[in-house]
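Everything on this sheet refers to the single structure shown next.
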Amino acid sequence: MERRRVLATWADLVLPVCCAGCAAPGAQLCAACREVFLPEPRPADPAPAPEGLPPVHAVTAYQGPVRSVLAAYKEHGARRLARPLGDALARSVAAGLADAAGPCLLVPVPSTRAAVRRRGRDATRELALRAAGRLRAAGVPARVLPALRHTRRILDQAGLSAHERRMNVRRSMIVSDRLAPLFTGISVVIVVDDVCTTGATLAEATRAVRAVGGRVEAAAVVAATARRRGTEQGRRRPGRSDGCPPLRHGAMDGVLRGHCRQGPQDRGTRAFSQALCREAGQDPQARRQGDQR
């Protein structure tokens, strides 16, 4: 893990630097691509939204250079991108806070063990730490609590339908017993991740935090797919699934001032079902024969 970080740092110093978003030479993130992460946050609720999902905010659409930048940060060791991405996440968090007062906890969606091994770090936690620091600099008492962990192995979400994603992550997260008491007395909890697609992962993280008494006010991400950018079809009706009053957006506008290609969705329900069978220790062929009967 340490060797990987050293190699990434060495590559940044020795190899020619190109923009992670558009490959233009000269900087890891050119001025044009940097501006893509600067819009004001907007509601990004999915349509339809999974049960229990809090209001979601994002600063940009998950497309074009945004996809490339996030991939470079997460999968290719471009750790300097944590700064602009973390700053963007901080603005999304600020939108979710609205007029809420008191200390705020940012709870990052946990990366899988396989992803941590592959990347050498928990990329989402890094973004959350950067966002919390930015919020504190703006006078917002925020800190990060990486309380969630997976209870089982989950499949790669890429290529799965919305239903398959919900089934894949269903009851896959819990809050560590030793960290559960830290939610006591905290009036605002924001679940954070880098991207929102169907909202299934954010909804599962929210369920796990609420199960130990955490009051999740909103979810915040850097980017969301275009169908989640606040169209009338995608907007959540006033009110909250947990009985709390609706959030008032825009009260913290300006606190942190400083295109959409959907992923493949047709990998196949059959392949997904077979994988679930293997996870459960069942024979996929036997299950298909049983279904036919």
Side-chain angles (χ1 to χ4, degrees), residues 21 29 33-47 49 53-67 69-70 73 81-101 104-109 124 126-142 144 188-199 201-203 205-206 216-238 240 244-260:
L29 191 63
C33 289
R34 187 178 295 273
E35 287 188 4
V36 176
F37 295 94
L38 297 180
E40 289 302 305
R42 65 184 67 190
D45 292 1
L53 182 71
V56 182
H57 293 83
V59 299
T60 190
Y62 186 52
Q63 65 178 16
V66 174
R67 295 172 66 102
V69 170
L70 284 168
Y73 167 68
L81 296 173
R83 181 171 184 174
L85 294 176
D87 290 353
L89 181 60
R91 295 199 305 278
S92 292
V93 171
L97 288 173
D99 288 331
C104 167
L105 280 182
L106 308 188
V107 179
V109 170
T124 306
E126 282 189 357
L127 291 185
L129 289 169
R130 171 68 189 183
R134 198 75 175 88
L135 287 161
R136 288 194 298 272
V140 180
V144 176
V188 184
V189 178
I190 308 290
V191 175
V192 299
D193 204 354
D194 58 336
V195 175
C196 176
T197 51
T198 66
T201 303
L202 290 170
T206 298
V216 180
E217 291 287 344
V221 296
V222 175
T225 52
R227 64 186 178 204
R228 311 171 196 289
R229 294 183 62 192
T231 61
E232 288 301 315
Q233 181 183 11
R235 290 190 185 194
R236 183 179 299 274
R237 293 188 300 273
R240 297 279 298 284
C244 299
L247 293 173
R248 287 175 287 173
H249 305 304
M252 293 185 67
D253 284 352
V255 168
L256 298 171
R257 292 185 189 274
H259 278 351
C260 174

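These numbers come from the heavy atoms of this one structure, side chains and all, not from hydrogens, waters or symmetry mates.
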Next on the checklist: Holding to side chain to side chain contact (heavy atoms under 4.5 Å, CB included), I want the full list of residues that pass it with Ala88, two or more places apart in sequence or in another chain.
Outcome noted: Phe37, Val59, Arg91, Val222

Item to check | With Arg34 via side-chain hydrogen bond (donor to acceptor under 3.5 Å, both in side chains) - residues at least two apart | outcome: none

Item to check | Atom of Cys196, atom of Ala44 and distance for their closest heavy-atom approach | outcome: SG-O, 4.4 Å

Checklist entry - How many angstroms lie between CD in Glu35 and OG1 in Thr60, if you round to the nearest 0.5 Å? => result 11.5 Å

Item to check | Any residue meeting side chain to side chain contact (heavy atoms under 4.5 Å, CB included) with Ala203, in chain and number order, not counting sequence neighbours | outcome: Pro50, Leu53

Checklist entry - Can you find a heavy atom in the side chain of Leu97 that is under 4.5 Å from one in the side chain of Val93? => result yes

Checklist entry - Out of curiosity, Ile190 CD1 to Glu217 CD, how far, rounded to the nearest 0.5 Å? => result 6.5 Å

Checklist entry - Taking all non-hydrogen atoms of both residues, which atom of Ala95 and which atom of Pro41 are closest, and how far apart? => result CB-CB, 3.7 Å

Checklist entry - Are the side chain of Thr124 and the backbone of Pro108 linked by a donor-acceptor contact shorter than 3.5 Å? => result no

Item to check | side chain to side chain contact (heavy atoms under 4.5 Å, CB included) assessment of Leu127 paired with Val192 | outcome: CA-CA 9 Å; Leu127 291 185; Val192 299; over 6 Å; no

Next on the checklist: Using every non-hydrogen atom in the two residues, find where Pro65 and Cys33 come nearest and quote the distance to one decimal.
Outcome noted: CB-SG, 3.9 Å

Next on the checklist: Let me confirm one number: the CG-CZ distance from Leu129 to Arg134, rounded to the nearest 0.5 Å.
Outcome noted: 15.5 Å

Item to check | Any side-chain heavy-atom pair of Leu135 and Cys104 under 4.5 Å | outcome: no

Item to check | Any residue meeting side chain to side chain contact (heavy atoms under 4.5 Å, CB included) with Val195, in chain and number order, not counting sequence neighbours | outcome: Tyr62, Leu70, Thr197

Next on the checklist: So, using side chain to side chain contact (heavy atoms under 4.5 Å, CB included) as the criterion, who are the partners of Ala219 when residues are at least two apart?
Outcome noted: Pro54, Val56, Leu202

Checklist entry - So, do Leu29 and Val69 sit near enough that their side-chain heavy atoms are less than 4.5 Å apart? => result yes

